[in-house]
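To find a chain, count down the sequence lines: A is the first, B the second, and so on, and within it residues start at 1. Just so we're clear, the structure is a prediction, and the values are computed from it rather than from any experiment.
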Number of protein chains: 4
Amino acid sequence: MSDKELTPGRHLIYMEWYSRDVGGLFMKMNRHLFAAKSPYQRIDIFESDFYGRVFSLDGITMTTERDEFMYHEMLVHVPMFMHPNPKKVLVIGGGDGGSVREVLKHPTVEKVVMCEIDELVVKAAKEYLHYTANKLDDPRVELVFEDGSKFVKQFKNEFDVIIIDSTDPTAGQGGHLFTLEFYKACSEALKEDGVFCAQTEGIFYDYEWGATAYRRIKANFPIAKMYLGFMPTYPGGMWSYTFASKAGLDPVKDFNPEKVRNFKEPLRYYNEEVHVAAFALPTFVRKLIED
Amino acid sequence: MSDKELTPGRHLIYMEWYSRDVGGLFMKMNRHLFAAKSPYQRIDIFESDFYGRVFSLDGITMTTERDEFMYHEMLVHVPMFMHPNPKKVLVIGGGDGGSVREVLKHPTVEKVVMCEIDELVVKAAKEYLHYTANKLDDPRVELVFEDGSKFVKQFKNEFDVIIIDSTDPTAGQGGHLFTLEFYKACSEALKEDGVFCAQTEGIFYDYEWGATAYRRIKANFPIAKMYLGFMPTYPGGMWSYTFASKAGLDPVKDFNPEKVRNFKEPLRYYNEEVHVAAFALPTFVRKLIED
Amino acid sequence: MSDKELTPGRHLIYMEWYSRDVGGLFMKMNRHLFAAKSPYQRIDIFESDFYGRVFSLDGITMTTERDEFMYHEMLVHVPMFMHPNPKKVLVIGGGDGGSVREVLKHPTVEKVVMCEIDELVVKAAKEYLHYTANKLDDPRVELVFEDGSKFVKQFKNEFDVIIIDSTDPTAGQGGHLFTLEFYKACSEALKEDGVFCAQTEGIFYDYEWGATAYRRIKANFPIAKMYLGFMPTYPGGMWSYTFASKAGLDPVKDFNPEKVRNFKEPLRYYNEEVHVAAFALPTFVRKLIED
Amino acid sequence: MSDKELTPGRHLIYMEWYSRDVGGLFMKMNRHLFAAKSPYQRIDIFESDFYGRVFSLDGITMTTERDEFMYHEMLVHVPMFMHPNPKKVLVIGGGDGGSVREVLKHPTVEKVVMCEIDELVVKAAKEYLHYTANKLDDPRVELVFEDGSKFVKQFKNEFDVIIIDSTDPTAGQGGHLFTLEFYKACSEALKEDGVFCAQTEGIFYDYEWGATAYRRIKANFPIAKMYLGFMPTYPGGMWSYTFASKAGLDPVKDFNPEKVRNFKEPLRYYNEEVHVAAFALPTFVRKLIED
């Protein structure tokens with residue numbers, strides 16, 4: 001039976017409880033396609049008419065087919081377009097494959113190393129999440145199943161772009177990817193003109209984590225700037241990312257919109273105006289992260 | 001992975017909404033083992049630590065592994081022990097197999113015909129609900145996949161016991177099994193000393209249906225008596241059944257407790273005291289069904 | 001505006017989570033009439049079309065206007081009809097007033113002492129729960145706001161009937177009313193022909209508490225018998241009570257149904273047949289509490 | 001008792017179901033402060049630790065104390081700062097008072113007419129929502145309780161700024177404020193240099209309404225531009241507004257950031273960078289509204 005034939009009742013409800021259990025998002029599901037417990041976390045994949053397939057770790061939504069493009073485009077294209085010639089890219093986390101899919105839209109890329117701690121996430125994504133995982137078998141991709149916070153330490157001056165596509169600091173092993181030490185190792189693993197970008201959590205519910213991550217990144221790079229994007233199925237729909245550059249590139253002043261306008265691959269969220277606009281922070285966010 | 005290794009989070013919630021949407025029961029699930037849409041209804045099977053496997057039709061709980069014994073024992077053993085020598089039994093509905101399982105505990109039984117409209121329910125039960133379906137392949141069992149309200153019309157003076165194990169009158173094709181005409185056909189299909197029993201819905205939320213079914217049964221038999229049993233995962237936990245006898249047997253006065261005391265098969269709910277006690281109706285139930 | 005004019009949406013949901021968070025009951029509410037935190041517990045009163053007014057302590061349903069009669073009649077009339085001439089009655093707990101209301105239906109009663117630890121419960125009940133609290137100002141009633149487990153110790157050979165209408169052992173101070181020591185004190189506070197009855201929790205979800213309470217009561221009286229009643233809005237709808245008698249009265253053999261048949265006050269659940277039937281325990285309950 | 005002393009349990013849940021019932025947001029509440037049915041809609045006010053006071057109409061969240069500033073600042077300050085000298089302002093809807101509060105931060109304002117169809121909303125807001133309603137008694141404010149779609153028709157060339165702070169087109173009488181005819185009347189009620197702004201719904205769940213409202217506004221003004229803002233407790237957290245100008249002012253090219261930088265009143269979301277950035281639409285939104 002095709003997925004679309006099974007219309008949802010009101011009896012199968014996926015509830016994501018936000019931090020400190022203040023509330024959350026619920027989605028009416030059609031079916032539960034996959035459930036497993038890896039050594040790191042509980043993995044679930046659901047399906048619904050509106051959200052499409054929904055992937056969650058420890059009950060926290062990682063991607064939905066309907067809006068993952070907003071997250072992955074904002075996490076990946078901001079740093080990728082800031083680098084003059086990205087050839088070698090490291091993605092830490094990102095087991096669903098969405099970040100790798102976006103990285104490979106850039107024709108200069110020769111190699112993407114994706115270091116995901118949980119091999120079962122990648123297996124599940126390959127089977128159930130074709131919308132994100134469809135480039136994981138590309139010959140330019142090298143998959144490594146290790147703790148990214150350890151893996152990155154073996155590299156010095158190696159990557160053009162490093163992208164941190166982590167789970168929440170409070171879920172699974174996500175906390176490892178939010179430490180000062182980890183960000184320092186990332187900086188060292190980058191080439192001199194390398195750029196870095198990390199998802200730095202929501203700004204409405206988990207604002208302390210966003211501010212903390214931003215400050216720790218900033219402590220390791222000559223320039224670091226937070227930017228925001230809409231992400232409807234993440235808590236508050238208001239997501240933060242932090243861009244950093246080893247050579248001090250400013251993501252607004254040094255941005256070349258022409259590169260984006262000439263880009264051949266289809267994008268649904270990111271464009272040259274959104275790139276700049278994302279760095280315009282609401283006043284309360286400015287204050288949250290100001291020194 | 002065995003089922004028990006996947007502990008439930010709080011993110012997968014099965015919600016049964018009761019009649020008129022006044023509220024309902026929710027259960028925290030581990031996984032959703034099966035979902036399909038048959039020509040008649042949506043079928044789901046879930047799994048949880050506490051309730052075990054849970055089977056639902058159109059979002060209404062049919063059985064949970066934890067308490068189905070209460071329902072099936074009360075539906076089946078009351079009529080079976082009232083018949084002096086039950087050899088040929090008809091079960092209408094009951095696709096999960098629980099009623100057949102209980103019928104076959106009676107050593108006099110030579111044949112059970114189970115007429116279930118939805119073949120997919122039986123397939124799913126055989127695969128996922130071993131706790132109820134484990135006797136469906138017994139050589140004494142004949143499975144028929146037809147509308148029970150039509151099927152029963154072809155028989156006259158044929159069965160010793162007829163048991164109606166229907167879904168709710170408002171779900172799928174359940175309404176067919178709650179008509180005056182259907183109960184009349186059941187009466188005709190019974191031998192002269194035959195006995196009849198039907199589940200007649202909850203008495204707290206769906207009390208009108210219980211009273212209606214009782215009156216319609218009573219109109220077709222010289223004696224009909226409603227009885228009650230606990231059934232925690234059904235609405236209100238307060239379930240009604242109606243016993244009827246073609247020869248006028250009274251389920252209390254003509255009951256022989258010795259037969260129950262000498263019964264060799266294990267039972268977990270029904271016993272000779274419960275049989276009699278079940279017919280003692282609370283005053284508001286007496287009034288609900290009084291003429 | 002009268003209460004009935006405000007029809008419920010689907011946005012105000014009362015969720016009772018059952019023990020160990022396995023699931024629970026949800027009710028669609030119209031309004032939230034009262035919320036307060038006493039020194040002992042959080043008190044809420046809601047209103048809904050179907051359930052009427054709903055009173056909860058620490059998120060656990062105590063009474064709903066729709067089904068409280070089932071609980072209060074079974075808790076009170078079983079012991080009251082067993083006593084030959086109940087004049088002086090002690091109710092411990094029961095702050096909503098429902099038990100007192102039932103006790104006062106017996107014309108022999110000269111005095112009811114109700115010892116409720118939480119005065120705020122009684123205040124709220126008097127204002128919002130007229131359906132249970134309507135007899136709390138009767139001149140035969142003496143209200144005491146103390147810990148019942150301490151209060152009862154001052155009496156020896158004083159009461160004809162003691163009724164324990166406690167909250168759950170896990171909520172507020174409910175645990176005090178489930179100890180061996182407490183039941184011993186109750187026995188001592190009874191006259192020689194006194195009878196005792198306690199609600200002893202649900203048998204489907206909280207079965208360990210039921211068995212424990214039963215055994216502790218039994219250890220303090222020459223005879224103690226558990227009985228069951230339907231209670232749709234309590235967990236599983238399957239509620240246990242334990243009757244005990246200081247003089248060894250058997251609640252079935254020594255029961256006089258004539259007294260019930262001649263009773264003038266209106267009852268909606270309890271009757272002479274239900275009294276006897278309630279002591280017929282399903283086999284799994286027999287086993288749960290057997291020695 | 002102060003509101004903060006009553007910590008929330010898990011038993012009082014406010015659930016907003018999004019369009020087409022695909023899912024929604026739930027919030028754990030402390031208490032339900034107010035519930036009433038006006039001739040137009042059901043009005044509820046809840047209170048929670050995290051969200052503060054929450055105001056909803058027909059089960060749809062209108063404001064929460066925690067994030068209403070994001071919505072009201074974006075709806076009001078974009079048009080107010082675009083007008084060279086706003087003296088007379090019309091707010092249609094906005095019964096909670098939040099838009100009026102923001103309008104009055106502009107010192108040039110001499111009069112604000114607020115036309116809200118539902119007087120009971122304003123009464124409730126004055127009593128329970130001081131965070132938004134605290135300027136409704138300002139002498140510059142004139143409150144009118146009428147259908148805004150009719151009220152606006154009596155004015156020609158009257159207002160400097162018109163702000164549409166409506167409920168959803170599907171709730172209450174909200175649909176009246178989304179018609180071509182209504183937007184035409186607004187245009188006529190503006191002075192020649194007047195500016196207009198309307199909330200035009202979410203872009204993730206209710207995207208058709210956003211596009212429709214935008215096109216209808218555009219059909220009545222020489223220039224109309226949609227912009228976006230974060231609004232965590234609205235569906236998807238991604239909210240659209242449409243700015244229009246009778247004289248053809250472009251909200252980006254003709255914007256003077258200096259006015260914002262010199263503004264003396266405290267703002268928490270809106271600033272001169274956010275003003276411009278909000279008009280940078282993600283590609284899928286551009287496509288949704290393109291001609």
Side-chain angles (χ1 to χ4, degrees), chain B residues 8 10 13-29 48-51 54 66-67 69-70 73-74 202-205 227-239 252 266-287, chain C residues 8 10 13-29 48-51 54 66-67 69-70 73-74 202-205 227-239 252 266-287:
Chain B
R10 290 177 306 162
I13 303 288
Y14 165 74
M15 287 182 104
E16 177 179 345
W17 288 81
Y18 293 162
S19 304
R20 289 156 290 180
D21 280 1
V22 298
L25 191 69
F26 65 96
M27 306 183 197
K28 218 169 59 179
M29 293 297 180
S48 69
D49 281 2
F50 181 79
Y51 301 97
V54 176
R66 193 166 191 107
D67 69 352
F69 73 94
M70 305 196 200
E73 292 189 13
M74 287 304 280
I203 270 312
F204 185 64
Y205 292 96
Y227 62 101
L228 299 177
F230 293 102
M231 185 55 197
T233 63
Y234 280 9
M238 188 178 192
W239 214 249
V252 175
L267 298 176
R268 296 165 62 199
Y269 187 96
Y270 178 87
N271 57 47
E272 69 283 7
E273 290 185 21
V274 160
H275 177 111
V276 173
F279 289 91
L281 301 180
T283 304
F284 81 98
V285 182
R286 280 187 191 172
K287 287 191 178 159
Chain C
R10 290 177 305 162
I13 302 290
Y14 166 75
M15 286 181 105
E16 178 179 343
W17 288 82
Y18 292 162
S19 303
R20 288 155 289 183
D21 281 359
V22 299
L25 191 68
F26 65 96
M27 306 182 197
K28 218 169 59 180
M29 294 297 180
S48 69
D49 281 2
F50 182 78
Y51 301 98
V54 175
R66 193 166 190 106
D67 69 354
F69 73 94
M70 306 196 199
E73 292 188 14
M74 287 304 280
I203 269 313
F204 185 64
Y205 292 96
Y227 60 101
L228 299 177
F230 293 102
M231 185 54 197
T233 62
Y234 280 8
M238 187 178 194
W239 214 250
V252 175
L267 299 176
R268 295 166 62 200
Y269 186 96
Y270 178 87
N271 58 47
E272 70 283 8
E273 291 184 21
V274 160
H275 177 111
V276 174
F279 289 92
L281 301 180
T283 305
F284 82 98
V285 182
R286 281 188 191 171
K287 287 191 178 159

Next on the checklist: Please classify the contact of I203(B) with chain C as side chain, backbone, both or neither, using a heavy-atom distance under 4.5 Å.
Outcome noted: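 For I203(B), no heavy atom lies under 4.5 Å from chain C.
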
Item to check | Which portion of L25(B) sits near chain C, non-hydrogen atoms under 4.5 angstrom | outcome: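 Contact with chain C is through both the backbone and side chain of L25(B).
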
Spatial distance of atom [atom1] ([X]) from atom [atom2] ([Y]) [nearest 0.5 Å]:
X       : Y       : atom1 : atom2 : result
T283(B) : L267(C) : OG1   : CG    : 6.5 Å
M238(C) : D67(B)  : CE    : CG    : 9.5 Å
W17(B)  : R10(C)  : CH2   : CZ    : 7.0 Å
Y269(B) : L281(C) : OH    : CG    : 10.0 Å

Checklist entry - If you count heavy-atom pairs under 4.5 Å between each of R66(C), R20(C), K287(C) and chain B, which one has the most? => result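 Ranked by contacts with chain B, first place is R66(C).
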
Item to check | Pick from F284(C), Y234(C), F230(C) with the largest number of heavy-atom pairs that fall under 4.5 Å of chain B | outcome: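 Going by pairs under 4.5 Å, I would pick F230(C).
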
Next on the checklist: I'd like to know whether the aromatic ring centres of F50(C) and Y18(B) sit less than 6.0 Å apart in this structure.
Outcome noted: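 No.
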
Checklist entry - Side chain, backbone, both or neither: which part of E16(C) has a non-hydrogen atom closer than 4.5 Å to chain B? => result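 The backbone, not the side chain.
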
Item to check | Structural part of M29(C) lying under 4.5 Å from a heavy atom of chain B | outcome: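 Neither part, no heavy atoms under 4.5 Å.
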
Checklist entry - Where does the angle between the aromatic ring planes of Y51(C) and F204(B) fall among parallel (under 30°), tilted (30 to 60°) and perpendicular (over 60°)? => result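 Rings of Y51(C) and F204(B): tilted, as their planes differ by 30° to 60°.
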
